[in-house]
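One structure below.
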Number of protein chains: 2
Amino acid sequence: MPSKSRIKGHTESADDYLKAILELSGPEDQRVASNALAIHLGIRAASVTGMLQKLSTDKPALVKYQKHHGARLTTAGRKRALEVLRHHRLLERFLHDFLDYGWDEVHEEAERLEHFISEKLEDKIAAKLGDPLLDPHGHVIPERNGAFSARDEVNLLNWACGVPALISSVSDRDASDLRAIERLGLRPGTSVVVEAGVRNASLLVRIGGQNSTIRLGQHLAAQIFVVARTPQASAA
Amino acid sequence: MPSKSRIKGHTESADDYLKAILELSGPEDQRVASNALAIHLGIRAASVTGMLQKLSTDKPALVKYQKHHGARLTTAGRKRALEVLRHHRLLERFLHDFLDYGWDEVHEEAERLEHFISEKLEDKIAAKLGDPLLDPHGHVIPERNGAFSARDEVNLLNWACGVPALISSVSDRDASDLRAIERLGLRPGTSVVVEAGVRNASLLVRIGGQNSTIRLGQHLAAQIFVVARTPQASAA
DNA sequence: GCTCTGTTTTAGGCATGCCTAAATTACTAA
DNA sequence: TTAGTAATTTAGGCATGCCTAAAACAGAGC
């Protein structure tokens with residue numbers, strides 16, 4: 001299918017690669033291995049190689065790619081990746097705030113729609129929401145101009161016991177995990193203190209407000225990210 | 001690209017064929033010629049043939065097709081076509097009512113998104129809008145269950161002079177024409193009387209409310225559809 | 001340095017969906 | 001009935017983007 005239903009020369013598939021590279025390259029902009037991409041995208045490594053070759057030889061190259069040494073985004077590639085990420089997170093916020101979606105439902109719908117949102121719709125949605133900074137899971141929404149500074153969050157598993165923390169974000173990868181996290185009252189913005197580190201694959205966590213303590217499985221804890229309690233808030 | 005970003009076995013392309021057949025087959029469900037489809041879709045007739053063959057041999061056949069004798073929708077095909085049409089018109093209404101889109105802007109965005117709306121989002125949007133009956137151009141929105149009765153509108157060009165009429169709908173195919181129509185005050189729901197038929201390629205039309213008369217080019221008049229003034233309203 | 005293992009790339013295939021060019025069929029009018 | 005034209009279909013190609021199997025490579029340990 002040619003470019004009828006698509007913005008410029010972008011394809012949904014290419015968007016997915018760019019998003020994956022952005023996510024996997026981390027704050028240090030490390031090179032991303034073909035294999036890592038293949039696993040992340042749920043496809044074969046051979047397919048990844050082919051696509052990286054294509055992306056790196058496009059007119060405005062979206063990816064810098066060296067055989068056997070992985071890929072990283074070019075400026076153009078990063079721009080597009082952030083654009084799609086912005087679409088995704090704005091959509092999540094919109095579906096959640098205006099269309100009564102639960103925070104466990106927004107990811108799937110946004111994942112599908114993010115590729116097809118025009119600049120105009122992006123702007124209208126952002127305006128309607130009042131230019132939000134965070135999506136429903138606490139992730140930073142890249143700005144329109146491409147500005148994007150990921151906060152330096154720390155995984156709850158690695159947070160020191162006894163140090164007051166604020167939940168900053170939660171992974172949105174698994175809907176049922178999100179429901180479990182919500183049931184425990186661990187939304188972004190919640191104050192917590194780790195009382196006892198990983199023991200029997202669980203943490204003891206004291207939740208700020210009610211001073212109650214819960215036992216949190218390692219699997220869920222790994223999906224929760226926190227910052228020190230001092231910094232500026234992180235409203236959900 | 002496989003079915004990742006797509007509902008079941010449907011492709012955007014197939015959706016477009018089904019919509020086109022629905023539209024071109026008229027209320028009588030006439031067979032639609034390959035050529036007519038090719039022109040409507042902006043592609044070559046040879047491509048149409050190939051796709052019709054495919055659509056007619058799918059597991060649930062979406063199209064009944066006979067060589068050299070055009071195609072018509074099967075029950076399954078009509079169901080899908082109406083589903084997509086419902087998506088399109090709900091989206092138009094939503095973009096117009098909630099996101100400040102002008103009625104000349106909604107078509108393009110809806111055309112792109114209609115293929116990717118989940119049933120859930122469809123329902124949420126419909127609920128938010130209060131299950132609207134008409135899109136911003138006055139077209140009937142098919143119901144969730146597939147019920148769809150097109151009104152028997154008449155093209156303004158064919159309306160008898162002197163008989164009071166109500167504008168029921170307006171073609172949304174061309175944005176600038178829509179702006180022109182709006183400038184003339186000819187929105188759906190407006191009362192009009194044709195004072196003089198096609199002469200010098202234009203109509204003289206009296207607009208109900210202000211009793212003013214305008215000269216309407218044939219090109220625009222062809223995009224306006226009316227019903228007799230008696231029937232129940234047709235709020236925009 | 002060399003081998004072993006796991007990663008990565010090449011080679012060849014398949015499905016979608018479009019194209020052009022060439023054949024075929026249908027229709028219309030003499 | 002028969003030609004001539006227009007509509008339609010076939011045949012062969014191309015790009016996307018995935019796959020498998022097999023070859024090539026890289027890094028670790030000996």
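Sequence lines set the chain letters: A, B, ... in the order given, protein chains first and strands last, and positions in each chain run from 1.
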N or O in side chain of Tyr17(B) less than 4.0 angstrom from dC18(C) OP1/OP2: yes
Plane angle bin for Phe94(A) and Phe94(B) - parallel if under 30°, tilted between 30 and 60°, otherwise perpendicular: perpendicular
Between His115(A) and His87(A): side-chain donor-acceptor atoms closer than 3.5 Å: no
Least distance between heavy atoms, Thr74(A) atom then Ala61(A) atom: OG1-O, 2.6 Å
Nucleotide dT7(C), atom C1' - distance to CD1 of Ile39(A) in whole Å: 10 Å
Length of the line joining Lys54(A):NZ and dT10(C):C1', which is rounded to integer Å: 19 Å
Rounded distance in Å - NE2 (His115(A)) to P (dG17(D)): 12 Å
Ser13(B) side-chain N/O to dT16(C) phosphate OP1/OP2 under 4.0 Å: no
Interatomic distance where CG belongs to Leu55(A) and P belongs to dT9(C) [whole Å]: 13 Å
Below 4.0 Å: OP1/OP2 of dT20(D) and any side-chain N or O of Arg44(A): yes
Minimum-distance pair of heavy atoms, taken over all atoms of Val63(B) and Ile21(B): CG2-CD1, 3.6 Å
Atom pair CG (Asp135(A)) and CG (Asp172(A)), whose distance is rounded to the nearest 0.5 Å: 6.5 Å
Base versus backbone protein contacts along nucleotides 6-13 of chain D [heavy-atom cut-off under 4.0 Å; B, S, -]: -SSBB---
Rounded interatomic separation in angstrom, taking CG from Leu37(A) and P from dG17(D): 15 Å
Non-hydrogen side-chain atoms of Asn158(B) and Asn155(B) separated by less than 4.5 Å: yes
Whole-Å gap separating P (dT9(C)) and CD1 (Ile43(A)): 13 Å
